[in-house]
Amino acid sequence: MGAVTPPRTPAAKSPKQDRSRATRQRLLEAAVACLAEHGWAGSTVSVVAERAGVSRGAAQHHFPTREDLFTGAVEYVAEERSAALRALPVQGRTAVVAALVDLYTGPLFRAALQLWVAASNEDQLRPRVTELEARVGRETHRIAVELLGADEERPGVRETVQGLLDMARGLGLANVLTDDRARRERVVAQWARLLDETLG
């Protein structure tokens with residue numbers, strides 16, 4: 001009679017699960033970086049896998065399609081940025097406005113922009129990106145309301161907060177081609193003053 005192999009304990013699976021999570025995270029971060037640097041056309045699963053230091057097969061194990069990979073990547077980083085925003089200490093409206101604007105001037109925004117452009121031309125991608133953008137937009141608006149201490153029961157406050165986010169997106173677009181930092185800082189300061197007047 002052969003020896004009985006004891007069943008695996010959860011602890012025995014843990015290192016493999018940790019490696020799997022680490023691989024997934026590397027793929028997501030590499031996908032965002034590739035989108036931001038190379039655009040949709042230059043960002044293939046193979047390019048992302050190489051940048052992440054994993055095989056194409058490993059990449060496809062985690063993300064069966066290209067669309068899965070890139071929408072997952074933008075969603076992942078959006079969640080990370082939302083968590084960072086939520087953790088901001090309340091330190092005045094100027095700091096909050098600057099933090100919100102920063103959301104739209106980094107690699108995440110560049111990656112998301114590439115995804116939006118691709119989705120405008122690809123029917124298979126469009127519904128996924130539209131749904132993702134709506135969800136991220138709602139969450140960002142909710143966090144902005146909390147950080148600004150805005151009372152959306154008051155007339156015009158909801159539109160003011162949404163206007164801030166729309167303005168931040170516009171500043172992000174202006175920053176895609178040139179470094180718009182100096183003008184952006186003046187606009188942030190002015191918006192903070194307007195919010196103080198509007199929100200009280």
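The figures here come from the full heavy-atom set of this structure, side chains too, leaving out hydrogens, waters and symmetry mates. All of these numbers come straight from a predicted model, not from anything done at the bench.
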Begin with the C-alpha distance, continue with both residues' side-chain angles, and end with the deciding distance and a verdict on salt bridge (Lys or Arg N to Asp or Glu O under 4.0 Å) for E146 and R142.
CA-CA 6 Å; E146 288 176 15; R142 190 184 63 71; 2.4 Å; yes
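- At least one side-chain heavy atom of L125 sits under 4.5 Å from a side-chain heavy atom of T71.
- In this structure, H61 NE2 and R56 CZ are separated by 15.5 Å, a value rounded to the nearest 0.5 Å.
- Under a hydrophobic-cluster definition in which Ile, Leu, Val, Met, Phe, Trp and Tyr are linked whenever side-chain heavy atoms come within less than 4.5 Å, directly or via other members, L103 and V145 are assigned to the same cluster.
- Residues D180 and R183 are paired through a salt bridge, judged by an N-O separation under 4.0 Å between the basic side chain and the carboxylate.
- Of the possible donor and acceptor atoms, one in the side chain of R66 sits under 3.5 Å from a partner among the backbone N and O of S43.
- Linking Ile, Leu, Val, Met, Phe, Trp and Tyr whenever their side-chain heavy atoms come within less than 4.5 Å puts V101 and L165 in one cluster.
- Screening residues 152-161 for salt bridge (Lys or Arg N to Asp or Glu O under 4.0 Å), with sequence neighbours left out, gives E152-R158.
- T65 has its side chain within reach of D68: a pair of non-hydrogen atoms, C-beta onward, lies under 4.5 Å apart.
- For the pair F63 and L28, the minimum side-chain heavy-atom distance is below 4.5 Å.
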For L194 and Q190, run side-chain contact (heavy atoms from CB on, under 4.5 Å): C-alpha distance rounded to whole Å, both residues' side-chain angles, the deciding distance at 0.1 Å, then the answer.
CA-CA 6 Å; L194 292 172; Q190 178 62 21; 3.8 Å; yes
In a table with atom names and distances, give each donor-acceptor pair under 3.5 Å that connects a side chain of residues 108-117 to protein atoms at least two apart or in another chain.
residue	atom	partner	partner atom	Å
R110	NH1	V176	O	3.3
R110	NH2	N175	O	3.3
R110	NH2	V176	O	3.2

Worked check of side-chain contact (heavy atoms from CB on, under 4.5 Å) between W191 and D196:
CA-CA 9 Å; W191 261 92; D196 280 335; over 6 Å; no
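- A 4.5 Å side-chain heavy-atom check between L147 and V96 finds at least one atom pair inside the cut-off.
- Counting heavy atoms from C-beta on, the side chains of Y76 and E29 come closer than 4.5 Å.
- The distance from atom CZ of R138 to atom CD of E133, rounded to the nearest 0.5 Å, is 10.0 Å.
- Both I143 and V157 sit in one connected hydrophobic cluster of ILVMFWY residues. Membership requires side-chain heavy atoms under 4.5 Å apart, directly or through other members.
- Note that CG of L148 and CG of L100 are 6.5 Å apart. Values are rounded to the nearest 0.5 Å.
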Enumerate, atom names and distances included, each donor-acceptor pair closer than 3.5 Å involving a side-chain atom of residues 32-42, sequence neighbours excluded.
residue	atom	partner	partner atom	Å
E37	OE1	R51	NH1	2.9
E37	OE2	R51	NH2	3.1
W40	NE1	E122	OE2	2.9

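- Here the side chain of R26 pairs a donor or acceptor atom with the backbone of A52 at under 3.5 angstrom.
- Atom CD of E50 has 12 or fewer heavy atoms from other residues, nucleotides or ligands within 6.0 Å.
- Distance check: H141 NE2 to D166 CG gives 10.0 Å after rounding to the nearest 0.5 Å.
- The CE atom of M167 sits 11.5 Å away from the OG1 atom of T160 when rounded to the nearest 0.5 Å.
- Inter-residue side-chain proximity for L132 and V129 is flagged as unmet; no heavy-atom pair is nearer than 4.5 Å.
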